[in-house]
There are 2 protein chains.
Amino acid sequence: MQAILMPRAADPALPARRRAQILDAARFCFAARGFQHATVEEICAEARVSPGALYRYFDAKADIVAAIALDARAAAEAMLDQLSAGDALVDALAEMARAFFAAFEGADSALLADIWAEAARDPALAKALATRDQAARDRLAGAIERAARAGSVYPALAPADAAETLLAALEGMALRRTLHASADSVARFRGLALHLLKPKR
Amino acid sequence: MQAILMPRAADPALPARRRAQILDAARFCFAARGFQHATVEEICAEARVSPGALYRYFDAKADIVAAIALDARAAAEAMLDQLSAGDALVDALAEMARAFFAAFEGADSALLADIWAEAARDPALAKALATRDQAARDRLAGAIERAARAGSVYPALAPADAAETLLAALEGMALRRTLHASADSVARFRGLALHLLKPKR
DNA sequence: ACCTGAACACCGTTCAAGT
DNA sequence: ACCTGAACACCGTTCAAGT
């Protein structure tokens, strides 16, 4: 009888597994049919769960969106972790730009804009993004400062300002690839970094 | 009888008037309740027309959105027309940035991101935006080139590249204001223009 | 020609019922 | 505890009927 009133805890890893299962399905559906166009029903079918089950793990479709949006940006920003080696900062930045643009290419191109659109109307997502962004900015500013101290670059701006300006340009260029799918965005970003950071050679 | 088969054309200005009436109402509703949150029913109530009437003038809600998005950008980009006076190019650019940021402030902050999100999945809007954007870029590049020829700036990049980079940074900074409502975006953009254009003094 | 408004289709979300 | 799936509420869009 106690066994009924206080049932043994079922698989404690189940919630995490279900979440992953749903997120995977959502990623698939968003990539296939676009971000707002994919329906909860489709996600459920792909994840093989009922709507009721989905809503047990996420409060709303927007939450799924937010989780995936954060993941997408985190993956693209992970490049910034490799920036500690101060020697070839500009090359490392160009590589980061390449990775960032690639992350939001093709079917995912709408995702970048959608993240901003969601953030503009969802304070919780905006806050989560801001936290992540602050970390990215700090890492970039730190890399610039170290390189400057080592004498390998002569930044035209304070490290924090240079970092913010570079990230803004990166974001803007990524968005603008929607209009003119210019293959030279990476080169342009590299050129900007070059002129803002003025490396030794 | 002919009068019935071929009725005299009613007020030929009516379609334009109705469109303006609906767009005004939509602008009001979007500003009040946000962009995706405003319903067609609300817009109809505000414009004092029935849904059927609205759909006579617009094929879909997305078209209303697109029309307003284009208008908003056009207004902000109109600043670029004042750029022909080559003497204080950097100051003029800073003023343009201020106007651009102001256009997408507060309730309209989501609008900027929504424009990009819509463009990413609506080729027609993307094309319209691309055309407008090309014109803006050309005007900016022209202003830079004239200033360079006059010897008042010494741009670090080719005019076209400088223009594209500046517009990308402008866009990115405008978006990033969603995260940190930094009041110094204008100053930062001015700093970037300064370093890319290197004015005489 | 232009409009109305009820009806339709669709989709995010909930909840009573199951195991 | 976890899940199902029918039902609900809402909203973009259409269309038969009016003038």
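Quick caveat, the model's predicted, so the values are computed rather than measured. Here is the naming used below: chain letters follow the sequence lines, and residue numbers restart at 1 for every chain.
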Watson-Crick and G-U pairing of DNA chain D, under 3.5 Å, as dot-bracket with | and [ ]: ||.|||||...|||||.||

Do any pairs count as a salt bridge (Lys or Arg N to Asp or Glu O under 4.0 Å) and have a residue in residues 45-64 of chain A, sequence neighbours left out, and if so which ones? none

Reading nucleotides 12-19 of chain C from 5' to 3' and marking B where a protein heavy atom lies under 4.0 Å of the base, S where only the sugar-phosphate is that close, and - otherwise, the string is SBBB----

Taking only N and O in the side chain of Tyr57(A), is any of them less than 4.0 Å away from OP1 or OP2 of dC2(D)? no

Residue list, side chain to side chain contact (heavy atoms under 4.5 Å, CB included) with Glu42(A), at least two apart or on another chain: Cys29(A), Arg33(A), Ala38(A), Thr39(A)

Whole-Å gap separating P (dC2(D)) and CG (Leu54(A)): 15 Å

List for me each residue that meets ring-ring contact (aromatic ring centres under 6.0 Å, His included) alongside Phe189(A), sequence neighbours excluded, and say none if there are none. none

Looking at residues at least two apart in the chain, or sitting in another chain, which of them share a side chain to side chain contact (heavy atoms under 4.5 Å, CB included) with Ala156(A)? Lys198(A), His195(B)

Residues touching DNA chain C, which here means a heavy atom under 4.0 Å, drawn from residues 16-24 of chain A: none

By side-chain hydrogen bond (donor to acceptor under 3.5 Å, both in side chains), Ser185(B) pairs with (sequence neighbours left out) Arg177(B), Ser182(B)

Can you measure Leu14(A) atom CG to dC2(D) atom P for me and round it to whole angstrom units? 6 Å

With Asp133(B) via side-chain hydrogen bond (donor to acceptor under 3.5 Å, both in side chains) - residues at least two apart: Arg176(A), Arg137(B)

Among residues at least two apart in sequence or on other chains, which ones pass side-chain hydrogen bond (donor to acceptor under 3.5 Å, both in side chains) with Asp91(A)? Arg190(A)

Name all residues meeting the ring-ring contact (aromatic ring centres under 6.0 Å, His included) criterion together with Phe104(B); count only those two or more places apart in sequence or in a different chain, and write none if there are none. Phe100(B)

Work out which heavy atom in Ala67(B) is nearest to a heavy atom in Leu23(B); give both atom names and the distance. CB-CD2, 4.0 Å

Contacts of type side-chain hydrogen bond (donor to acceptor under 3.5 Å, both in side chains), residue Arg17(A), not counting sequence neighbours: Asp11(A)

